[in-house]
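For reference, the structure is listed below as structure tokens.
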Amino acid sequence: MDTTAAADARTDPRHPFAAHLRHVAGLGEHRPWTPDDGPLPALYLSHGAPPLFEDAPWMRELAAWARALPRPRAVLIVSAHWESDSLGITSTVPTELVYDFGGFDPMYSRMRYDTPEAGALARQLRAVLPGTAHVFEHRGRGLDHGAWVPLKVMYPEADVPVLQLSLPTHDTATLLALGERLRPLREQGVLVVGSGFMTHGLPYLTREMLGGAVPEWSADFDAWAADALDRGDVEELARFRLRAPGLRYAHPTVEHFTPLFVTLGAATDPAAGVTTTIDGFFIGLARRSFQVA
């Protein structure tokens, strides 16, 4: 079977992702997390899709973000692309990735991300959830693109165990409570990540947006979210269905926004405000990403 390194080695050396791999290799060893570092932050990231692998500046931003933190012992990621009525996790024994996209170069469906076995992380997860919470392991399910695409850019060596946790609801109070349950994992060197996209109005893409124009609905939603996040106004964010400008277009469905509440719930103080790490727009959609302490 192919490995991550073998698959990456077949990437055209002129491709931006090949250049990114060379860049990360030149950064040297990534210092691992130790208890002396204290809790890792929790992240919300706008995850992109295969075009991320063609965007050198965006990949540099993600790599710099990862290198600004110690290398985690494990990553637990909630992706917009796996909604379920109950909590589920991907296979603890790494299996085939989910190539849940189409219309891109076939090379992206040949990419691999063979991370280490994650049984220890699954046990840590179950230990912090209430005893009544049943977490089903989907042994045939691998990481979807909301998880593996950004992580492959941030940790291309695939040397960190990863589990994906399903998104069980869009009720903000429930997601905040779930994030709060995950908070102790940060003290164990686990990077908790909510993966979505700050605006995700794909049905409303236009030729002008593909050329770099930012529509008013995307800019307005992003500005509203940035202001509330900076102020730590969780109540305002939780009322997004009533308060957010441009919501109908920015999030015709809300699954790319609501992972944010898992991240905020995992914060030591959700009302303390966030540290924005990436902003700006990609094909008119807001890439805003942040971390919480």
Side-chain angles (χ1 to χ4, degrees), residues 16-17 19-21 23-24 27 30 40-72 75 77-81 145-156 160 162 179 186 191-202 205 209-210 212-215 217-232 237 240 244 246 250-251 255-264 266-267 270 272-293:
F17 183 64
H20 178 72
L21 292 175
H23 168 71
V24 173
L27 296 176
H30 191 170
L40 284 170
L43 315 186
Y44 171 83
L45 57 84
S46 293
H47 59 237
L52 171 57
F53 295 120
E54 301 170 6
D55 192 320
W58 192 359
M59 287 191 288
R60 287 287 182 101
E61 288 177 300
L62 285 168
W65 189 5
R67 285 300 180 115
L69 307 173
R71 180 168 57 84
V75 175
I77 186 165
V78 180
S79 162
H81 293 280
H145 85 265
W148 70 264
V149 166
L151 292 179
K152 188 171 176 66
V153 171
M154 297 173 78
Y155 305 104
V160 178
V162 179
R186 297 173 43 218
L191 190 66
V192 176
V193 181
S195 177
F197 217 100
M198 188 56 71
T199 61
H200 197 251
L202 295 184
L205 291 183
M209 291 169 67
L210 295 174
V214 177
W217 51 261
S218 186
D220 288 352
F221 186 98
D222 180 57
W224 167 84
D227 176 66
L229 288 165
D230 288 345
R231 293 185 290 105
L237 292 162
F240 71 94
H251 290 286
E255 75 287 338
H256 278 73
F257 184 65
T258 53
L260 170 149
F261 294 101
V262 178
T263 301
L264 293 177
V274 309
T275 299
T276 298
T277 52
I278 296 174
D279 57 12
F281 297 84
F282 170 74
I283 58 171
L285 305 177
R287 303 181 304 146
R288 184 168 303 278
S289 303
F290 61 83
Q291 67 183 47
V292 294

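This is a predicted model, so every value here is computed, not measured.
- The side-chain heavy atoms of Val292 and Pro270, taken from C-beta on, include no pair separated by under 4.5 Å.
- The minimum heavy-atom distance between Thr199 and Ala286, with the atom names listed, is OG1-N, 2.7 Å.
- Using modelled atom types, one side-chain atom of Arg186 and one backbone atom of Ala266 make a donor-acceptor pair closer than 3.5 Å.
- Minimum interatomic distance between Ser218 and Leu285 (heavy atoms only, all atoms of both residues): OG-CA, 3.8 Å.
- For His256 and His251, the side-chain atoms include no donor-acceptor pair closer than 3.5 Å.
- Contact between Gln291 and Trp65 at its shortest, heavy atoms only, is OE1-NE1, 2.8 Å.
- Using bins of under 30°, 30° to 60° and over 60° for the plane-to-plane angle, the ring pair Phe197/His200 lands in the tilted bin.
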Pair Thr263-Val192, side-chain contact (heavy atoms from CB on, under 4.5 Å): steps then yes or no: CA-CA 7 Å; Thr263 301; Val192 176; 6.0 Å; no
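- Put simply, the side chain of Ser46 gets close to the backbone of Arg288: a donor and an acceptor are under 3.5 Å apart.
- A 6.0 Å sphere centred on CZ of Arg60 holds no more than 12 heavy atoms belonging to other residues, nucleotides or ligands.
- Closest of all the heavy-atom pairs between Ala213 and Pro215 is O-CD, 3.8 Å.
- Of all heavy-atom pairs between Pro150 and Leu52, the closest is CA-CD2, 4.2 Å.
- The two residues Trp58 and Phe282 make their nearest non-hydrogen contact at CZ3-CG, 3.8 Å.
- Classification of the His81-His145 ring pair by plane angle, with boundaries at 30° and 60°, yields tilted.
- At distances below 3.5 Å, not a single donor-acceptor pair connects side-chain atoms of Thr277 with backbone N or O atoms of Thr275.
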Determine, stepwise, if the pair Leu260 / Phe290 fulfils side-chain contact (heavy atoms from CB on, under 4.5 Å). CA-CA 10 Å; Leu260 170 149; Phe290 61 83; 3.9 Å; yes
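- Between the side chain of Ser195 and the backbone N or O of Gly146 there is at least one donor-acceptor pair closer than 3.5 Å.
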